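Counting starts at 1 for both ligands and their atoms, in listed order. Note that the structure is a prediction, hence the values are computed from the model and not measured.
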Amino acid sequence: RAKTEGKDCYAVFNSNMQLAALNRLQIENDLREAIKQEQLCLYYQPIIELMSGHLSGFEALIRWQHPTKGLIYPDEFIPIAEETGLINPIGWWVIQQACYQLKCWEKEHPKGLKLSINVNLSAQQLKQKGLVEKIGDLLTETKIEGNRLKLEITESCLLETVTIEAQRVNQIKELGIGLCIDDFGTGYSSLSRLYEFPIDTLKIDRSFIRRLEFSQTAIVQIIVSLAHTLGINVVAEGIETLEQLNHLQGLGCELGQGYLFSKPVDSAKANQLLHNYNSEGNRGGFI
Ligand code: C2E
Ligand code: MG
Ligand code: MG
Ligand code: MG
């Protein structure tokens, strides 16, 4: 009896694996179509100045409007895009789209609006020849000052870089573009290696912000003071409660994003948010 049970287990395990593999293959094939059929879109999450409540900019986050599966989130397809090399055309599309969107907002809200846009970059994208030149041309074409575009790279991606990619990071910097370390604190990095890169901003990973709720403030405090000692900005990721916000204000963390202010929204809703934040006296109601 045990034997047959064992067999069944094996069969179930096997078919689950087959399903997973099939699903992957389907996503990979669909993803190739997605680019051509314009099924990818960007959502935007506001980044807020925690002391004043002003809107500092948006982080662009990719979504996939799949014809049959509905809205798919990046964790489900970015890893596949990275493994198949599709991340390069997709990532380039994201950078272009984000810059054009910034241009649109500027047209609609001409009153001295100085927003920035954050774009996530995969390690793979740094391996591309000509990436920096392409970004440089795009900035010229759209007349966007380099410092209004910020590229987010995770700590582990940055630490995996070899010389040529590190040079590219420096060339990106020479265009005036901001460099953010995403998910900071989760990468087991040696802090000394971070000195090798021209970093502007540390984004404290959501897991540490969550712990503020239990008065575990030490790590956030250390990251904030490390950043300030190095003369760079800090953004707290995933602020969900007023209590977390109060802690962060007390620790002198200058920027933040999270569901407390807004979830990532489509471009029409982001436009609406811009109107709200721009109108006199409206600070989103939290600060
Ligand atoms: P990330 O860059 O660390 O982005 C933050 C993620 O946290 C986003 O998930 C965002 O929706 C979510 N988030 C923001 N505030 C809160 C909050 O208060 N609570 C909670 N629970 N979550 C919050 P999303 O959009 O699903 O993106 C996941 C990851 O996918 C991103 O993490 C980023 O690493 C990657 N990603 C997104 N767009 C792109 C892209 O265009 N290119 C690349 N290479 N990666 C991307
Ligand atoms: Mg990010
Ligand atoms: Mg992050
Ligand atoms: Mg992340």
Counting backbone and side-chain atoms alike, is an N, O or S atom of Glu152 positioned under 2.8 Å from the Mg ion (ligand 2)? yes
The Mg ion (ligand 2) to nearest N/O/S of Asn120 below 2.8 Å: yes
Give a yes or no on whether Lys269 atom NZ has more than 12 heavy-atom contacts from other residues, nucleotides or ligands under 6.0 Å away. no
Provide the number and element of each atom of ligand 1 under 4.0 Å from a heavy atom of [X].
X	value
Arg63	11 (O), 24 (P), 25 (O)
Gln45	14 (C), 15 (N)
Glu240	17 (C), 18 (O), 19 (N), 20 (C), 21 (N)
Gly258	15 (N), 18 (O)
Pro74	24 (P), 25 (O), 26 (O), 27 (O), 28 (C), 30 (O), 36 (N), 37 (C)
Gly238	15 (N), 16 (C), 17 (C), 18 (O)

Assess Arg206 for proximity to ligand 1: is some non-hydrogen atom of it under 4.0 Å away? yes
With the threshold set at 4.0 Å, does a side-chain nitrogen-carboxylate oxygen contact exist between [X] and [Y]?
X	Y	value
Glu160	Lys127	no
Lys173	Asp200	yes
Glu108	Lys103	no
Arg24	Glu28	no
Arg168	Glu174	no

Ligand 1 versus [X], non-hydrogen atoms closer than 4.0 Å: side chain, backbone, both, neither?
X	result
Lys203	neither
Glu59	side chain
Val94	side chain
Glu237	side chain
Leu42	neither
Asp182	side chain
Pro264	side chain

Given atoms OD1 of Asp182 and OE2 of Glu237, what angle do they subtend at the Mg ion (ligand 3), to the nearest 10 degrees? 90°
Could you tell me whether [X] and ligand 1 have an N or O pair separated by under 3.5 Å?
X	value
Asn120	yes
Ser122	yes
Ile78	no

Restricting to N, O or S, what is the name of the atom of Glu59 that lies nearest the Mg ion (ligand 2)? OE2
Does one hydrophobic cluster hold both Leu273 and Ile239, with members joined at side-chain heavy-atom distances below 4.5 Å? yes
Measuring centre to centre across the rings, with the benzene-like ring taken for any Trp, is Phe58 within less than 6.0 Å of Trp105? yes
Non-neighbouring partners of Arg211 that pass salt bridge (charged side-chain N to carboxylate O under 4.0 Å, His left out), sequence neighbours left out: none
Among residues at least two apart in sequence or on other chains, which ones pass salt bridge (charged side-chain N to carboxylate O under 4.0 Å, His left out) with Lys107? none
Could you give me the CA-CA distance, side-chain angles and deciding distance for Glu59 and Lys203, then say whether salt bridge (charged side-chain N to carboxylate O under 4.0 Å, His left out) is met? CA-CA 12 Å; Glu59 176 175 1; Lys203 298 191 76 173; 2.9 Å; yes
Quick one, Phe77 with Glu82, criterion side chain to side chain contact (heavy atoms under 4.5 Å, CB included). Give me CA distance, side-chain angles, the key distance, then yes/no. CA-CA 9 Å; Phe77 66 91; Glu82 286 172 343; over 6 Å; no
Would you check if the Mg ion (ligand 3) lies under 2.8 Å from any N, O or S atom of Asp183? yes
Best match, Asp75, Ile87, Leu61, Ile72: closest heavy atom to atom 29 (C) of ligand 1: Asp75
Is the positively charged end of Lys263 above the ring of Tyr259, judged by distance under 6.0 angstrom from the centroid and angle within 45° of the axis? yes
Do Ile181 and Thr201 come within less than 4.5 Å of each other through their side chains, counting heavy atoms only? no
